[in-house]
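Lettering of chains follows the sequences in order, A, B, ..., and the numbering in each one begins at 1. The analysis underlying the following values was restricted to heavy atoms, covering all of them including side chains, and did not include hydrogens, waters or symmetry mates.
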Amino acid sequence: MSTAILEARDLCAGYGKKQIVNGVSLSLNTGEVLLILGHNGAGKTTFVRALFGLMTPMAGQVLYEGKEITGRKPAANVADGIAFVPQGHGIFRSLSVHDNLELGGFVEPDKSVLPQRLEQINGLFPILKERASQTAGTLSGGQQQMLAIGMALMHEPRVLILDEPSIGLAPNLVERVMSSITEINQRFGTSILIIEQNVPLSLPIAHRAAVIKTGEVVYEGAPEPLQDHVKLMQLF
Amino acid sequence: MDLALQLLVNGVITGSHYALLGVGFGIIFATTRIVHFAYGPIFTVAAYMAWYSAAMLGLPIPVALLIAILAAVLLGVGSYVLLYEPFEKRQAPHLVPLIASLGLYIVLENLVGIIFGSGVRVVREFTNGIHFMGPVFFTTIHIWQVVVLVVLGGALAVFLRWTSYGKAVLAMTDNPEMARIIGIDTRKVAILVFAIGSAISAPSAVLILLKDGATTHMGFLAVFMAFVAVIVGGIGSIKGAVIGGFALGMVESLGMLRIPTEWQSSIAFMLLFLVVLLRPQGLFGAAMRR
Amino acid sequence: MRRELLGLAAASLVAFAAADSRAEDPEKFTIGAILAMSGSGDWYGKVMSAGIELAVEEINAEGGIDGIPLEAVFEDHKSGIAREGVNAINRLINMHDVQAVFSSFSPPTIAIAPIADEQGILVVNGGGVSTAMVGISDNLFHNRSLASDLGRAAVAFADEEGWSRMAQIAWRTDAGESIISEVEPYWEELGGEVVATEWMDQGATNIDTQIAKMRTANPDFLALWLFSPDPGMAMRRAREFGIDVPVVGVEYTADVAEIGGDHMEGYYYTSDYFTPTDDWSQRFQEAYRERYGEDPEFYAANYYEGVYLIAEAIRRARAEGGDYYDGANLARIIREQPTYPSVYGGEMTFQDNGVAQKRVALFQIQDGESEFQRYLDLE
Amino acid sequence: MEYILHILVMASLYVILATSFNLLIGFAGLFALSHAAFYGLGAYVTAILTTSLGMPFPIPLIAGVAFVAAVGVLVALPAIRVSGEYLVIISLALQIIVVEVILNWRGLTGGGDGIAGIPNITIFGGRLSSPGTFLPLAVAFAAGCFWIAWRLAHSPFGRALRAMRENASAAQACGKDLVYMKLTVFAFAAGLASIAGGLYAHYFNYVGPDGFTIDETIYILAMVILGGTGNLWGSVVGALVLVGLPEALKFINMPVDIADKARLVIYGALLILILRIRPEGILPEPQSRSVTATATAGGSQGKAQETLLKAEGSADAQPILEGRGLHKSFGGITAVSGFDIVMRRGQVTGLIGPNGAGKTTAFNLLTGFLKPDEGEIRYKDKSIAGLKPHQIVGAGVARSFQDLRLFTKMTVLENVVVALPRQSGDNVFKAYFAPRQVAREERENAERAMEVLRFVGLEDKADERAENLSYAEEKLLVVARLLATGAEVLLFDEPLSGLDGNALQEIFPVIRRLAEEGKTICIIEHNLDVIKTLCDTVYFLDEGHTMAVGSPDELMNDPELAERYFK
């Protein structure tokens with residue numbers, strides 16, 4: 001449970017001349033759910049985008065299963081078993097739900113395994129099966145989020161990175177999404193890195209938690225202490 | 001009444017031609033956001049290659065068509081790899097590739113003039129049949145123009161709908177960043193759409209060659225009408241480009257029932273003007289991407 | 001870039017400035033030609049320049065004009081852009097010290113006319129057909145019939161045939177417009193009726209609507225006020241759409257024949273009568289064919305003839321003596337001695353308005369060949 | 001020699017066209033591809049008035065400017081509605097329609113034949129009939145038009161244009177009237193192009209539709225892009241290069257039948273090559289512009305600060321801005337409903353709540369960026385609901401944006417100067433007719449802006465482009481820009497998020513002091529430390545309405561709210 005599958009070492013990243021992530025070192029261990037908290041503008045999203053290869057880090061390293069993948073293109077990372085669910089519209093709005101899911105398995109060389117995975121995902125989110133032929137953009141926010149997660153699972157990733165899956169969702173839907181994340185973690189053994197602002201609903205599903213503030217890690221460790229609001233307020 | 005019927009049929013035929021051009025231009029535009037003006041002279045090159053193969057080398061017209069397609073694809077892909085991609089990599093301001101595209105337009109059009117000479121090029125071996133349906137007349141080429149749209153449009157729809165690279169094209173049109181996130185190599189897709197879009201222009205060009213002959217200047221109308229069809233139909237929608245093309249063809253034909261024909265070329269732009277003002281996303285387009 | 005350009009230009013200016021004062025014979029006579037060397041009308045540029053080059057070579061082979069060789073310099077007006085025409089004539093005057101210039105297309109011709117007046121340059125147009133060019137400069141001459149005259153001749157013929165319902169289609173250009181504005185009143189005067197007037201853009205590929213409307217108007221004949229290669233397309237389209245009434249036009253070229261194909265059968269057209277029967281015209285045709293591998297176009301003949309016209313004018317001026325080589329002087333000669341040999345056979349005579357009176361004839365396409373019918377009276 | 005002079009005349013005309021087009025494209029960011037239509041209309045007005053009515057120069061030219069400027073305003077009307085690619089298309093359509101109308105309105109325009117016989121200009125009895133005699137006039141006009149364009153571009157109005165180009169809503173939030181700006185810049189660009197057209201008509205003695213087609217617009221566009229957008233000298237260079245290049249290519253000798261096409265091939269290839277080497281243009285937009293004698297350190301420091309911070313009255317906790325019963329929904333989704341808020345003079349009001357609670361929507365409603373479906377907004381007991389954003393800023397309520405919306409290509413100082421209120425130079429005519437007043441104000445404004453920058457601690461970065469700032473510096477600049485508006489009520493949307501402790505310590509006292517000086521402050525913030533330290537009253541929003549109001553301590557000790565907050 002303690003070997004790092006994905007690791008950031010002194011990662012720095014930003015846009016143009018602006019550095020937003022200032023030397024973050026964090027590792028995601030095999031099989032765990034790691035929660036990263038932080039308020040708006042703390043640099044969480046920039047951190048995971050640099051991790052996933054959507055932007056080139058300014059400094060530092062990214063290691064995946066022990067080998068360095070810093071600055072590698074997303075296509076290669078996806079093929080290697082890392083999946084990313086971006087914030088907001090992580091779907092193709094003009095395509096059907098079914099097409100979205102199928103595109104999730106784009107890098108899979110053997111397409112014959114896809115129907116079976118589709119079944120698994122439909123098992124996880126039955127609503128997606130019901131809405132298979134509906135245009136994704138017309139789904140409700142929660143359904144869109146489930147679809148986005150479903151897409152990411154289509155190539156059976158070993159690491160799943162989720163950027164604020166709860167954003168814009170009603171509380172009951174957030175719970176639903178969180179419980180499915182736990183389910184993914186347990187059923188498929190996927191290691192999960194999740195970024196969140198919704199502390200009460202995301203903390204319970206985390207094995208470990210970290211808080212990022214102004215581009216730096218200010219807390220890393222067990223999630224439980226963060227349940228104390230006073231402590232949390234200090235960190236935020 | 002007969003006139004209206006005839007103009008309706010003309011509208012369908014012309015509309016098919018514009019629609020096909022719109023689809024070819026539109027798939028490039030929607031996927032890569034490049035305003036590929038050089039689509040025009042590439043269309044011209046395709047017609048001239050077909051003419052050279054058929055009239056000068058005496059090859060059968062289907063072979064000439066294949067050669068035309070090959071030439072169009074080579075030029076289309078070449079213009080992406082050698083011209084547009086370097087600008088994309090340097091993140092040049094978005095008007096710069098547009099001006100570069102115009103530069104390429106000038107280069108290609110005049111090269112055609114230099115290599116093939118001026119004047120009209122006709123394939124004499126081809127005879128155009130005439131058909132009557134009640135009071136309505138049309139020719140074999142007219143039928144082909146509609147057939148080619150149906151076949152190629154259909155084939156493209158099947159490709160986009162049922163193949164994984166087809167869906168990758170749709171994905172990139174919808175959301176390029178998300179396409180990268182799920183592991184699509186967006187460069188490959190861009191090359192692919194340049195190949196497809198250029199290939200689609202070639203049969204159109206060959207039909208115009210057989211119908212009216214080829215001139216070095218023929219690409220201008222092709223790219224212009226394609227552009228208008230795409231905007232009217234809505235950027236990012238293949239279906240929109242088809243509808244846009246038909247709308248254009250219909251307005252150009254049926255609109256002339258009452259309006260004097262001296263306004264024929266303005267009417268397309270009146271339509272464009274109104275569509276953009278009243279429904280900026282085009283008749284069928286989703287809201288334009290930021 | 002700019003500095004280099006200016007440097008280059010300045011250097012050449014110094015060279016030319018030296019040759020400016022001319023009390024004696026020039027080393028050579030340079031004739032400028034402002035033609036459609038690029039753009040949608042580049043076919044015209046090609047055949048016109050071919051005619052000029054051939055004539056220049058022939059004259060030089062004969063020892064030039066009294067031993068002084070001719071030279072032609074070609075400029076491009078990009079298929080009818082007025083501004084380009086003005087650029088070109090300025091360059092010709094300053095860089096090449098020309099006194100005589102060929103032009104084509106109406107807008108550039110109209111635009112260079114004031115410069116020709118100002119600078120005293122002879123301008124010969126053998127291609128542009130708009131009536132708007134007539135009388136705008138004393139130095140401007142046309143050795144081709146104006147389109148409106150050809151159009152009048154065409155409808156006069158139609159009237160003789162007893163047709164009364166005319167459906168016409170015209171280029172939406174100066175040329176097409178000038179025919180319609182001249183012909184329509186004339187036709188109505190003759191007692192005819194215009195049942196449809198349609199317009200098309202030069203080089204448009206889709207004229208199905210226009211043809212359909214003309215068909216519906218149920219005419220006795222179609223009139224094509226179009227120029228190469230569009231009469232071919234219009235004729236083809238008309239026949240394809242089942243219009244089987246007679247068709248008259250004002251132009252027939254190899255390109256028209258190429259596009260029209262078999263559909264051209266029966267097409268009547270009026271034209272300056274260029275037919276290689278005469279000695280000179282036959283020699284011209286053979287020389288042209290030998291050099292370019294194809295039959296000369298009517299436009300090639302006009303500009304070929306134009307070179308001889310200018311050469312003859314220079315000879316006449318030289319015979320008068322004095323500082324003879326001057327565009328305005330050459331223009332005066334042509335006005336005062338207006339008759340010149342024509343490659344069309346016989347002679348042509350420039351009228352007061354600068355337009356050469358040539359024989360206009362009616363032709364019909366029969367068995368794929370253009371057959372001379374008869375001369376038409378242009379009163 | 002005449003030939004070179006002629007080329008220079010042409011270059012002069014294109015300098016006018018390219019610089020005026022650059023005003024639209026480079027400065028205002030309005031991609032309206034109808035410039036050749038303006039040019040052509042100007043030429044036709046001159047042609048018609050001189051040939052039909054025999055009017056002498058310069059009356060037709062002036063009439064042309066007036067008429068074409070009016071047409072420019074008409075084109076600008078859709079530009080108010082649509083922008084970006086849509087404007088490109090709609091203006092393209094207009095360009096083509098104008099040429100078609102010229103072609104088809106034969107009675108007036110001569111159709112395809114055009115209009116010939118336009119008289120030469122006669123000045124002091126001399127007829128300007130040759131390139132040599134015309135050139136001084138052309139150069140004088142080019143210089144004059146360049147000066148007009150330059151004045152406009154480098155006036156406060158031009159600065160506001162660039163701000164609009166960088167970010168339209170932020171320009172509004174700085175009190176700029178976008179409608180006025182768009183109409184004005186279109187009128188100027190069109191009017192200047194019309195001058196080139198009038199000169200064209202007199203020079204060529206002929207106008208025809210062929211010279212004013214879409215090809216011509218693209219030719220002028222190429223000059224602007226090649227020369228460099230946002231740089232007027234670039235347009236001059238672009239015009240000279242593209243006029244000169246084809247002429248230079250004439251010196252390459254080639255066989256007659258292909259020569260001109262081959263030259264065009266080389267021309268196209270060179271165009272591509274130059275763009276490849278310099279994608280930003282030959283002369284890119286300057287890195288920084290000094291706003292007159294900037295950074296005149298010291299001097300009237302105290303005074304400026306005083307005026308800057310001064311608010312009417314003192315920190316007396318009078319209600320200044322009130323929103324009552326505000327409601328807004330988008331489609332079926334209710335963003336804000338039944339929202340009440342009162343902001344008091346000298347107090348800092350906090351707005352907290354989870355993501356999506358409607359905080360930013362509330363700001364948008366209060367500042368006129370959104371129209372409320374229901375409810376009332378009163379500022380000093382006057383209703384301001386229904387006013388445009390720039391009017392509300394003018395009245396005294398200004399806001400910042402969560403995503404900053406800085407004018408990234410402008411300098412730090414310019415970002416601040418542009419937001420200063422009541423600049424007479426925002427009225428473009430003052431730039432021409434009251435240059436002294438504008439220049440004096442500019443100096444004062446530069447000083448005031450420096451004062452603001454000193455206040456937030458950015459004075460060292462005054463001449464830096466905003467895009468080169470660090471994140472913290474950007475945030476400070478946002479504060480500075482908001483301060484510069486001089487508004488009494490300042491609404492800060494997350495001014496501090498993403499800042500580390502040190503930076504926070506710099507901004508805290510700034511905001512606090514503003515309140516003490518009598519400003520009315522409202523702040524959206526996630527950082528609870530900030531809320532606790534700064535705010536007098538806190539509104540807790542969730543699902544579009546106020547869940548609780550109270551002091552920071554009261555709210556933070558409420559477990560239910562904490563639960564909601566971290567959801």
Seminar exercise, completed: dist B:Ser266:OG -> D:Asn104:CG (nearest 0.5 Å) comes out at 6.0 Å

For this session: Measure the spacing between OG of B:Ser101 and CG of D:Leu275 and express it to the nearest 0.5 Å.
Result: 11.0 Å

For this session: Take D:Tyr267 and B:Asn110, measure what side chain to side chain contact (heavy atoms under 4.5 Å, CB included) needs, and give me the verdict at the end.
Result: CA-CA 11 Å; D:Tyr267 171 76; B:Asn110 286 287; over 6 Å; no

Problem set entry | Heavy-atom side-chain proximity of B:Ile99 to D:Leu226 below 4.5 angstrom | no

Problem set entry | side-chain contact (heavy atoms from CB on, under 4.5 Å) partners for B:Leu254, two or more places apart | B:Leu7, B:Leu8, B:Met250

Exercise. Relative to chain D, which segment of B:Leu104 carries a heavy atom at a distance below 4.5 Å: side chain, backbone, both, or neither?
Worked result: both

Exercise. Relative to chain B, which of D:Val101, D:Ile96, D:Leu271 shows the most heavy atom pairs under 4.5 Å?
Worked result: D:Ile96

Problem set entry | Closest approach of B:Val107 to D:Val265 (non-hydrogen atoms, all atoms of both residues) | CG2-O, 3.4 Å

For this session: Below 4.5 Å from any heavy atom of chain D, which atoms of B:Phe224 appear? Answer side chain, backbone, both or neither.
Result: side chain

Problem set entry | Residue D:Ile258 versus chain B: region with a heavy atom under 4.5 Å | both

Seminar exercise, completed: Honestly, the part of D:Leu264 sitting under 4.5 Å from a heavy atom of chain B is both

Exercise. Non-hydrogen atoms of chain B under 4.5 Å away: do they reach the side chain of D:Val99, the backbone, both or neither?
Worked result: neither

Exercise. Can you tell if the side chain of B:Phe269 reaches within under 4.5 Å of the side chain of D:Leu94, non-hydrogen atoms only?
Worked result: no

Problem set entry | Residues, nucleotides or ligands: over 12 heavy atoms within 6.0 Å of B:Tyr52 OH | no

Problem set entry | Contact origin within B:Leu102 toward chain D - heavy atom pairs under 4.5 Å | side chain

Problem set entry | B:Pro86 backbone acceptor or donor facing D:Arg276 side chain under 3.5 Å | no

For this session: State, with a plain yes or no, whether a side-chain heavy atom of D:Ile218 is found less than 4.5 Å away from one of B:Tyr105.
Result: no

For this session: Mind running side chain to side chain contact (heavy atoms under 4.5 Å, CB included) on B:Trp263 and D:Leu103 for me, showing each step along the way?
Result: CA-CA 10 Å; B:Trp263 294 100; D:Leu103 209 48; over 6 Å; no

Problem set entry | Separation between NZ of D:Lys261 and CD1 of B:Ile106, rounded to the nearest 0.5 Å | 15.0 Å

For this session: Supply the atom-to-atom distance D:Glu280 CD to B:Arg90 CZ, rounded to the nearest 0.5 angstrom.
Result: 7.0 Å

Exercise. Within a reach of under 6.0 Å around CE of D:Met254, are more than 12 heavy atoms found that belong to other residues, nucleotides or ligands?
Worked result: yes

Exercise. What's the shortest heavy-atom distance between D:Ile225 and B:Val96, and which atoms?
Worked result: CG2-CG2, 4.0 Å

Problem set entry | Those residues that, when tested against D:Ser91, pass side chain to side chain donor-acceptor pair (under 3.5 Å) (two or more places apart) | none

Exercise. Can you name the nearest heavy-atom pair linking D:Pro279 to B:Pro93, along with the distance?
Worked result: O-CD, 3.9 Å

Problem set entry | D:Arg106 and B:Glu262 ion-paired at < 4.0 Å | yes

Exercise. Is there side-chain contact between B:Phe227 and D:Leu92, with heavy atoms separated by less than 4.5 Å?
Worked result: yes

For this session: Could you look at B:Leu82 and say if it's the side chain, the backbone, both or neither that has a heavy atom under 4.5 Å from chain D?
Result: backbone

Exercise. How long is the span from the CG atom in B:Leu98 to the CG atom in D:Leu221, to the nearest 0.5 Å?
Worked result: 7.0 Å

